[in-house]
A.B. asks: 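Shown below is the structure under consideration.
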Amino acid sequence: MSEQNVRIDRRRLLQALGSAGATGAVFSACGRSTQTASAHTGGSITGGKWEKTVPLATAGPGGNPGWQPGDAVKFLPPEKIPASGKASDLMASLPKDKLLTIYQRMTASRIWETTMKDLFVGGKDGLYGAFHTYIGQEAIACGVMGALEDDDYIASTHRGHGHLIAKGGDLNRMSAEIFFKKTGYNKGYGGSMHITDMSRGIMGMNGIVGASFYLAAGAAIRARIRGTKQVGVAFFGDGAAASPYYFSAVRSSANYKLPVIFVNENNFQYMGVPMATVVPTRYICEYTKGLDIPHFLVDGNDVTAVYAATKEAVDWARAGKGPSVIEGITYRWYDHSGFAGGRTGVDGAFGLPYRSDEEVRQWIARDPVVRFKAWLLYKELARASELEKIEAAARQAVEASIVFARQSEDPDPRAGVLHTYASEAAPATQFFSRSGLVIPAVS
Ligand SMILES: Cc1ncc(C[n+]2csc(CCOP(=O)(O)OP(=O)(O)O)c2C)c(N)n1
């Protein structure tokens, strides 16, 4: 294995564990409290508050010699704003409009999901169905997408709203789909986990854990056959790495030198168990260490680090050198799906049995959106007023998308069958509506 290609730098990441507090000036400069997380009382981009301390939950026993439940607290990414260094300098060299677009999408993603969370919890709109929030992980989607072109492909996960928004997905159509309306991305028949937009290379969110690997590899094969320079990106969680398809897809992609980038979003949580109980190595990117491909281990709450790693991975792939793996260490603020422990107007879900509230608060203190904003201001790449204008516009766009969704028509149950393969192969004559009634299909 070529040393040059292996980017796992544990020493530096572990050193970073002790670096909190070094950056007080930067955070106070942008109106962010630099006190410990438990003393923090607000100031998030959504205007939400953190809930007061509740008793710590206890996690189960860990089976991993590297990680133990609760280690997510120890592995906090540094609060430090990367004022210089390769990643910071590379990102700072991007044109201003591109940086502002990344900030706009990151902000829109946070506000859209937080608004949806509050609507689900509030109960007035009668929203139902699975909804996996991406809140807390936005730097990964936005850092990756910043290094892609519009026609590159992404294969998302069950937790993919942030991927879609980062790649330019349409908020109106997304909101309408969550409301199961005719104007939604899937005409109101799919809900959160099927949102797809091929016009933007978004091959879809996916309820099948581990499906992204071969979708992205397939897109890469298509690009190879057509002779384009497009790349395929597979997002996946730490739990999905347990899929037998993971190693198989990376190995095959390495074998054929396919332009695929496997982006692991290591949020330490596998549904309701800490990652430590199911992951046998310290890092996910160690799974494929034996393959002679680049591996990047980055602070997934730092958009500059994610962008820099992706840029290198994309250049590598477009040069015909094959796949690579990026692992971003991050954290999800809410429960796996739905909103147990979540409250309207409160940032983060608390009181869940598989993680401690203190852990949640400490990760919220490393809010990736706030960190990116702080970085833009610190580097004097944007003025506070410009960023506030972007935040206000994002809030307005999200609100408008909710109005759009509420005012849109319900889908005609009889049209559902028209959008299935069954309707073409073997036209159905009748099917069941949501209420269980048998309805004749439209001929
Ligand atoms: C093939 C398959 N197996 C199991 C599930 C049930 N399931 C849904 S999400 C999930 C956990 C995924 O964890 P991870 O990959 O770490 O992603 P995260 O939820 O942390 O973002 C599981 C097991 C599924 N949807 N598909």
Side-chain angles (χ1 to χ4, degrees), residues 59-60 62-64 66-67 69 71-72 75 109-110 113 117 129-144 154-166 190-195 204-216 233-250 262-288 297 300-301 306 325-342 348-349 352-355 359-360 363 368:
N64 175 341
W67 292 112
D71 270 3
F75 201 110
S109 174
R110 170 65 60 84
E113 278 205 325
K117 183 264 294 182
F131 192 97
H132 304 80
T133 54
Y134 191 70
I135 295 172
Q137 305 187 190
E138 294 92 341
I140 300 191
C142 292
V144 167
I154 62 162
S156 182
T157 63
H158 54 289
R159 196 177 301 294
H161 308 125
H163 304 148
L164 269 63
I165 295 174
S192 158
M193 280 187 287
H194 298 99
I195 299 177
M205 286 176 64
N206 209 312
I208 302 171
V209 168
S212 62
F213 308 130
Y214 280 119
L215 285 168
V233 172
F235 288 97
F236 66 108
D238 40 285
S243 156
Y245 303 119
Y246 176 53
F247 185 79
S248 160
V250 183
F262 297 92
V263 179
N264 178 245
E265 304 185 285
N266 186 349
N267 64 15
F268 288 95
Q269 299 162 90
Y270 186 28
M271 290 188 92
V273 285
M275 159 210 158
T277 57
V278 287
V279 172
T281 56
R282 190 163 181 92
Y283 298 111
I284 300 296
C285 60
E286 286 176 331
Y287 282 28
T288 44
L297 177 60
N301 279 24
V306 179
V325 177
I326 298 173
E327 176 174 358
I329 305 289
T330 187
Y331 198 84
R332 66 166 153 77
W333 294 6
Y334 290 88
D335 194 14
H336 169 71
S337 174
F339 298 102
L352 300 175
Y354 57 88
R355 63 187 197 179
E359 176 174 308
V360 182
W363 277 90

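Count residues from 1 along the sequence. A quick note: this is a predicted structure, and the numbers were derived from the prediction, not measured. Start at 1 and go down the list; that is how both ligands and their atoms are numbered.
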A.B. asks: Ignoring hydrogens and geometry beyond distance, is a side-chain donor-acceptor pair present between His161 and Ser192 at under 3.5 Å?
C.D. replies: yes

A.B. asks: Would a 4.5 Å heavy-atom cut-off, applied to side chains only, mark Val209 and Phe236 as touching?
C.D. replies: no

A.B. asks: Quick one: does atom 8 (C) of ligand 1 have a protein heavy atom under 4.0 Å from it?
C.D. replies: yes

A.B. asks: At under 4.0 Å between heavy atoms, which part of His158 makes contact with ligand 1: side chain, backbone, both or neither?
C.D. replies: side chain

A.B. asks: Would you please classify the geometry between the Phe213 ring and the Tyr246 ring as parallel, tilted or perpendicular, with 30° and 60° separating the classes?
C.D. replies: tilted

A.B. asks: Show which atoms of ligand 1 fall inside a sub-4.0 Å distance from at least one heavy-atom site of Asn267.
C.D. replies: 18 (P), 20 (O), 21 (O)

A.B. asks: Which of parallel (below 30°), tilted (30 to 60°) and perpendicular (above 60°) describes His163 and Tyr134?
C.D. replies: perpendicular

A.B. asks: Any nitrogen or oxygen of Gln269 lying under 3.5 Å from a nitrogen or oxygen in ligand 1? Just yes or no.
C.D. replies: yes

A.B. asks: For ligand 1, indicate whether the residue His336 contacts it via side chain, backbone, both or neither (heavy-atom separation under 4.0 Å).
C.D. replies: side chain

A.B. asks: Is the charged tip of Arg355 near the ring of Trp333: under 6.0 Å from the six-membered ring centre and within 45° of its axis?
C.D. replies: no

A.B. asks: Is Ile208 in polar range of ligand 1, meaning some N or O pair under 3.5 Å apart?
C.D. replies: no

A.B. asks: Indicate yes or no for a side-chain donor-acceptor contact from Glu113 to the backbone of Ile135 under 3.5 Å, with no hydrogens or angles considered.
C.D. replies: yes

A.B. asks: Does Gly210 come within less than 4.0 angstrom of ligand 1, counting non-hydrogen atoms of the residue?
C.D. replies: no

A.B. asks: If you take the nearest heavy atom of each of Val279, Asn264, Val209, which one is closest to atom 24 (C) of ligand 1?
C.D. replies: Val209

A.B. asks: At less than 4.0 angstrom from any non-hydrogen atom of Arg159, what atoms of ligand 1 do you find?
C.D. replies: 18 (P), 19 (O), 21 (O)

